[in-house]
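Below is one structure, written out as structure tokens, with a few remarks after it.
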Amino acid sequence: MNIFPDQKTGYDLLHNGAIALSEVEANGLRIDTKYLRKTIVDMDSKIQSLIKDLYQTKLMKKWRKRFGPCTNINSRDQFGKILVEELGVELEETDHGQWKTDVLTVSRLDHPFVKAYLRIGKLQKAVNTYLRGIDSETMNGYLHPGFNLQTVETYRSSSNGPNFQNMPQPSKDFETGSMIRRSFIPRKGRVLLEADYSGVEVCVAACYHKDPAMIKYISDSTKDMHRDMAAQVYGIPIKEVTHELRYFGKNKFIFPQFYGDWYFACAKSLWAAAILDEHKTVKGIPVMRYLKRKGITCLGSLDPRADHPKDTFIGHLKAVEEDFWGRRFQVYGQWKKDWYESYQENGYARTYTGFILKGLMSRNDVINYPVQGSAFHCLLWSLAELVLNELRKAKMKSMIVGQIHDSLMGDVVTDEIEDYKCLLKEVMVDKLIKEFPWIIVPMKVEFDLYPKSWAEKEKE
DNA sequence: AAACAGTGCGCG
DNA sequence: AAAGCGCGCACTGTTT
């Protein structure tokens with residue numbers, strides 16, 4: 001791994017960023033150690049009792065008979081063999097010929113043993129990776145996660161000891177997310193305040209490809225790309241798109257497509273999300289009924305090389321994809337081709353922020369790396385400006401204590417909340433676009449306030 | 001005992 | 001022709 005700032009701007013960004021991040025590391029986050037210790041003890045005994053229950057099941061008895069003293073429920077190898085040989089189910093294989101046993105694969109079996117097994121695994125992950133990870137790195141009630149600028153291929157950052165950038169979220173898994181984030185508390189007389197750049201990768205991508213249709217979506221708050229695409233993929237009127245269908249359009253079509261996914265995989269996951277689950281539209285009509293009206297009757301062949309006619313969902317998605325890149329975002333589509341061709345000719349690509357991307361990269365890599373890197377650099381520049389200059393100039397006691405790619409975690413004095421928000425907006429939006437003249441779309445910052453702990457947002 | 005690859009899972 | 005991108009960490013099973 002090599003880091004190549006090829007312009008002074010790139011060098012300065014890393015230089016100031018490294019100094020600012022070391023200050024962030026030194027600040028650290030306050031940890032509720034009493035809660036943390038108690039939760040670890042409680043969870044350990046809870047997990048023990050769940051394992052005891054698991055051992056009472058028939059399948060577990062077969063497992064012990066098969067593996068004797070070597071029995072180990074953490075062994076994926078054993079788990080897969082038991083499912084296939086004792087339960088008689090079919091599983092896909094991993095790259096190296098083991099039975100695949102990840103959540104997505106085995107939860108399809110819909111079996112009570114598998115459910116109990118996965119729950120134990122989830123709780124073990126929560127305790128062993130996160131709670132213990134936090135506990136073992138906490139000194140005198142403070143945790144100091146590391147933030148690195150020299151580890152990532154795309155010129156993003158990483159975090160370790162522990163990794164502050166992958167703490168579970170209550171909105172994704174309430175039980176473990178709340179349990180873990182509850183450990184992070186503000187200092188006395190303060191709140192945790194997170195500021196994030198909303199949709200920053202989409203914005204930065206637009207600065208590279210300059211597609212007018214995309215810029216319009218970003219600049220006009222009455223337009224909604226995710227809603228429009230949900231309507232198109234499911235063949236329903238725009239007014240019929242529910243909150244959930246919009247979510248599928250965003251996370252199962254638009255983002256995967258931006259990162260280089262293809263219609264076949266998108267079709268399968270869109271189908272599983274809304275059709276197998278019998279989702280309904282705003283008016284309560286099943287989505288499937290709309291598809292039937294368009295003559296689409298089934299998902300289609302699961303062989304990617306088979307023919308996918310227009311009356312299958314996969315065939316339909318193929319046409320949607322062609323329309324997406326060939327008509328709707330034609331300029332973006334052309335940019336992807338040109339950008340990759342330029343890399344093939346020259347052997348490298350340049351980012352707006354003063355770095356060179358070189359070495360062997362796939363087409364998707366070449367297209368994604370500059371966007372991922374430059375998006376993070378918007379945050380990094382703002383962070384350095386705040387830590388090294390602005391917070392000090394404003395004589396604020398509030399401090400920045402962490403960073404997650406597109407968000408800044410602040411430990412903010414209660415009396416300073418409004419000033420802090422104001423200063424962050426000024427730096428993250430106004431000063432940033434002066435510093436980075438290549439930004440040609442509006443930037444937006446959003447705040448989340450956590451008065452008690454990181455687990456509980458204050459309602460706006 | 002330490003190092004390594006493979007697998008899985010948490011986040012943006 | 002290929003077929004989402006980037007990380008860190010825990011754990012198993014094998015090799016040194």
Side-chain angles (χ1 to χ4, degrees), chain A residues 1 67 70-80 92-106 117-118 121-134 136-137 145-173 176-177 180-181 194 196-202 204-205 251-269 304-305 317-318 321 336 340 344 357 361-373 375-376 379 402-408:
Chain A
M1 171 66 199
F67 288 99
C70 298
T71 301
N72 180 353
I73 61 166
N74 289 327
S75 165
R76 292 286 165 172
D77 183 45
Q78 292 181 19
F79 182 47
E92 298 148 48
E93 288 181 24
T94 66
D95 291 345
H96 291 76
Q98 286 186 49
W99 298 121
K100 208 154 170 49
T101 59
D102 62 316
V103 180
L104 212 70
T105 308
V106 301
Y117 180 90
L118 290 177
K122 189 182 83 174
L123 296 182
Q124 280 179 329
K125 169 103 175 152
V127 178
N128 295 343
T129 301
Y130 295 103
L131 297 183
R132 279 191 221 285
I134 296 165
S136 65
E137 299 284 357
F147 294 99
N148 317 298
L149 294 176
Q150 82 286 18
T151 56
V152 182
E153 202 82 22
T154 62
Y155 300 107
R156 244 199 195 177
S157 68
S158 71
S159 168
N160 69 331
N163 183 351
F164 182 67
Q165 296 176 323
N166 72 346
M167 294 294 165
Q169 287 208 102
S171 62
K172 293 187 181 169
D173 186 300
T176 56
I180 291 156
R181 294 203 178 198
E194 213 175 340
D196 70 287
Y197 275 121
S198 53
V200 66
E201 283 202 18
V202 174
V204 168
N251 291 309
K252 294 178 184 294
F253 186 79
I254 296 222
F255 280 123
Q257 285 288 328
F258 283 173
Y259 292 132
D261 208 351
W262 65 313
Y263 66 90
F264 182 79
C266 290
K268 283 201 290 185
S269 88
R305 304 171 73 171
L317 257 290
K318 187 176 182 194
E321 186 185 272
K336 295 209 293 184
Y340 182 50
Q344 286 180 308
L357 296 158
M361 289 181 276
S362 73
R363 182 176 178 278
N364 282 343
D365 292 342
V366 175
I367 289 159
N368 290 327
Y369 286 8
V371 176
Q372 190 177 99
F376 169 67
L379 187 91
Q403 163 269 122
I404 313 180
H405 310 303
D406 63 356
S407 82
L408 286 179

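The structure presented is a predicted model; accordingly, all values stated were derived computationally and were not measured. All values below come from the heavy atoms of this structure, side chains included, with hydrogens, waters and symmetry mates left out.
Side-chain proximity of A:Thr129 to B:dC11, B:dG12, C:dC9: nearest is C:dC9. The listed nucleotides are C:dG6, C:dG4, C:dG13; the one nearest the side chain of A:Gln372 is C:dG6. For A:Asp406, the listed nucleotide lying nearest its side chain is B:dG12; candidates were B:dG12, C:dA3, C:dG8. You'll find that the side chain of A:Gln98 is closest to B:dT7, out of B:dT7, C:dC7, C:dG4. Among B:dG10, C:dG13, C:dG8, the nucleotide with an atom closest to any side-chain atom of A:Asp77 is C:dG13. Side-chain atoms of A:Asn160 lie closest to C:dC9 of the nucleotides C:dG6, C:dA3, C:dC9. Listed nucleotides B:dG12, B:dG10, C:dG13 differ in distance to A:Gln78; the shortest reach to its side chain belongs to C:dG13. Each of B:dG12, C:dC9, B:dG8 was ranked by its minimum atom distance to the side chain of A:Ile404; first place goes to B:dG12. Checking B:dC9, B:dG10, C:dG4 against the side-chain heavy atoms of A:Asp102 singles out B:dC9 as nearest. The side chain of A:Ala265 lies closest to C:dG4 when the candidates are C:dG4, B:dG10, C:dG6.
Contact annotation for A:Gln169: backbone-only contact, meaning every heavy-atom pair under 4.0 Å involves sugar-phosphate atoms and none involves a base. Backbone-only contact: A:Thr101 has heavy atoms under 4.0 Å from sugar-phosphate atoms and none from a base. If you check every strand for non-hydrogen atoms under 4.0 Å, A:Val103 touches sugar and phosphate atoms only. Across all strands, A:Gly161 comes closer than 4.0 Å only to sugar-phosphate atoms, never to a base (heavy-atom distances). Among the heavy atoms of the strands lying under 4.0 Å from A:Ser159 are primed sugar atoms or P, OP1, OP2 only; no base atom is included. As judged by a 4.0 angstrom heavy-atom cut-off over every strand, A:Asp365 is placed among residues touching the sugar-phosphate backbone only. As judged by a 4.0 angstrom heavy-atom cut-off over every strand, A:Arg76 is placed among residues touching the sugar-phosphate backbone only. Contact annotation for A:Asn368: backbone-only contact, meaning every heavy-atom pair under 4.0 Å involves sugar-phosphate atoms and none involves a base.
Between the CZ atom in A:Phe147 and the CG atom in A:Asn160 there is a gap of 9.5 Å [rounded to 0.5 Å].
Between the CG atom of A:Asp173 and the P atom of B:dG8 there is a distance of 19 Å, rounded to whole Å. In this entry the distance linking CZ of A:Phe164 with P of C:dC9 reads 14 Å, nearest Å. Atoms CD (A:Gln150) and C1' (C:dC7) sit 13 Å apart, rounded to a whole Å. Atom CD of A:Glu137 is separated from atom C1' of C:dG8 by 12 Å (rounded to the nearest Å). The distance from atom CD of A:Glu321 to atom P of C:dG4 is 11 Å, rounded to the nearest whole Å. Regarding A:Tyr155, its OH atom lies at a distance of 19 Å from the P atom of C:dC5, rounded to whole Å. Between A:Trp99 atom CH2 and B:dT7 atom P the separation is 14 Å, expressed in whole Å.
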Verify side-chain hydrogen bond (donor to acceptor under 3.5 Å, both in side chains) between A:Asn148 and A:Thr151, making sure each step is shown before the conclusion.
-> CA-CA 6 Å; A:Asn148 317 298; A:Thr151 56; 4.6 Å; no

Test A:Phe376 against A:Tyr155 for ring-ring contact (aromatic ring centres under 6.0 Å, His included), laying out the working first.
-> CA-CA 8 Å; A:Phe376 169 67; A:Tyr155 300 107; over 10 Å; no

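Listed pair A:Asn128 / C:dC9 fails the phosphate criterion, with no side-chain N or O lying under 4.0 Å from OP1 or OP2. For C:dG6, neither phosphate oxygen OP1 nor OP2 lies less than 4.0 angstrom from any side-chain nitrogen or oxygen of A:Thr154. Residue A:Trp262 places at least one side-chain N or O closer than 4.0 Å to OP1 or OP2 of C:dG4. In this model, the phosphate group of C:dC11 is not approached by any side-chain N or O of A:Lys125 to a distance below 4.0 Å at OP1 or OP2. At the phosphate of C:dC7, neither OP1 nor OP2 sits under 4.0 Å from any side-chain N or O atom of A:Thr151. The phosphate of C:dG6 (OP1 or OP2) has no side-chain N or O of A:His405 nearer than 4.0 angstrom.
Here the closest non-hydrogen pair linking A:Met167 and A:Pro162 is CE-CG, 4.3 Å. Of all heavy-atom pairs spanning A:Glu321 and A:Asp261, the tightest one is OE1-O, 4.1 Å. The shortest heavy-atom contact between A:Lys100 and A:Thr105 is O-CG2, 3.7 Å.
Taking 4.5 Å as the limit, every side-chain heavy atom of A:Val103 sits out of range of all side-chain heavy atoms of A:Lys122.
Across all strands shown, B:dG6 pairs with C:dC11; the Watson-Crick or G-U wobble distances both stay below 3.5 Å.
Ring geometry, A:Phe258 versus A:Phe255: the interplanar angle exceeds 60°, so the pair is classed perpendicular (tilted spans 30 to 60°).
Put simply, the side chain of A:Asn166 and the base of B:dG10 share a donor and an acceptor less than 3.5 Å apart.
Between A:Asn364 and A:Asn74, it is A:Asn364 whose nearest contact on DNA chain C lies nearer the 5' terminus.
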